[in-house]
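Heads up: the structure comes next, in structure tokens.
Start at 1 with the first residue, then count along the sequence.
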Amino acid sequence: MILDMSGNVGTQSLAVTIRVLMDEQISGRQKRFLIWKEVRVGLVNGCILGLLSTIFVGAYMVIFKEQPPLFSFSVSLCTGLALLLSILLSSLSGTVVPIIFKQLKVDPAVASGPLITAINDLIAVVSFYGLVWIFLIRLLHF
């Protein structure tokens, strides 16, 4: 779920950014506004989806897997926070990478896709396993 959502968000941000970059007269201020707008959208989407994920994954584990609520909602909180973090960072990378490629005189439509995919996968995996390691293993000792 986390890998998929971060990939979708990064690809969507990439598409929006490529569309805007087709205008050769775009200013630095407009680029900064685009980055800020995509980050805000990523933050809102990440908060909503992270919260829903936390609630539903925790409830699923308690009801259907008969796990203790503390454990279930600790795991689901890690999932929700990782989803929030990966969506936020994927929207940022999906916007910034094509802008950088455009400044380097490389076609952002061709070069950005594989790099965005790799970055988003790395962000999703590191954020989930990092949060699990910090919260579940180091703090709660599960």
Is Ser93 close to Asn120 at the side-chain level, that is, under 4.5 Å between some pair of heavy atoms? yes

Note, Leu92 side chain near Ile35 side chain (heavy atom, < 4.5 Å): yes

Here the pair of heavy atoms bringing Gln25 nearest to Gln30 is O-OE1, 3.9 Å

Given side chains that start at C-beta, do those of Leu84 and Cys47 come closer than 4.5 Å, heavy atoms only?
yes

For a 4.5 angstrom cut-off between non-hydrogen side-chain atoms, does Asn45 reach Val9? no

Between Gly94 and Thr17, the two heavy atoms sitting closest are O-OG1, 3.7 Å

Note: Ile18 and Pro98 closest approach over all heavy atoms is CD1-CB, 3.9 Å

message: Assigning hydrophobic clusters by single linkage (Ile, Leu, Val, Met, Phe, Trp, Tyr; side-chain heavy-atom cutoff under 4.5 Å), is Phe142 placed with Met61?
response: yes

OG1 of Thr95 to CD of Gln12, rounded to nearest 0.5 Å, is 10.0 Å

Heavy-atom closest pair (His141 atom, Arg138 atom, distance to 0.1 Å) is CE1-O, 3.2 Å

Here the pair of heavy atoms bringing Gly42 nearest to Ile87 is O-CG2, 3.3 Å

Here the gap from Ile2 atom CD1 to Asp121 atom CG, rounded to the nearest 0.5 Å, amounts to 12.0 Å

Residues pairing under side-chain hydrogen bond (donor to acceptor under 3.5 Å, both in side chains) where one sits in residues 33-42, two or more places apart or in two chains, turn out to be Ser13-Glu38

*Hydrophobic cluster identity match, Val44 and Val41, side-chain contacts under 4.5 Å*: no

query: Got Leu85 and Leu81 here, is their nearest side-chain heavy-atom distance under 4.5 Å?
result: no

ask   = Heavy-atom distance under 4.5 Å between the side chains of Phe101 and Asp107, does that happen here?
value = no

Verify side chain to side chain contact (heavy atoms under 4.5 Å, CB included) between Val39 and Leu88, making sure each step is shown before the conclusion. CA-CA 6 Å; Val39 167; Leu88 178 65; 3.7 Å; yes

d(Phe135 CZ, Leu139 CG) to nearest 0.5 Å is 6.5 Å

| field | Common cluster, Ile119/Leu104, ILVMFWY with side-chain heavy-atom separation under 4.5 Å | value | yes

Between the NZ atom in Lys102 and the OG atom in Ser112, the distance rounded to the nearest 0.5 Å is 11.0 Å

CZ of Phe71 to OG of Ser76, rounded to nearest 0.5 Å, is 10.0 Å

Between the NZ atom in Lys65 and the OG atom in Ser72, the distance rounded to the nearest 0.5 Å is 11.0 Å

Notebook entry, point to check: Are side-chain heavy atoms of Val97 and Leu14 found at a separation under 4.5 Å?
Noted result: no

Are Met22 and Ile116 connected into the same hydrophobic cluster when the rule is that any two of I, L, V, M, F, W, Y join if their side-chain heavy atoms are below 4.5 Å apart? yes

Are the side chains of Phe128 and Leu3 in contact, using a 4.5 Å heavy-atom criterion? no

>> Between Val106 and Val96, is there shared hydrophobic-cluster membership here, with clusters defined by ILVMFWY side-chain heavy atoms closer than 4.5 Å?
In response: yes

Nearest heavy-atom contact between Ala82 and Ser127 is O-OG, 3.6 Å

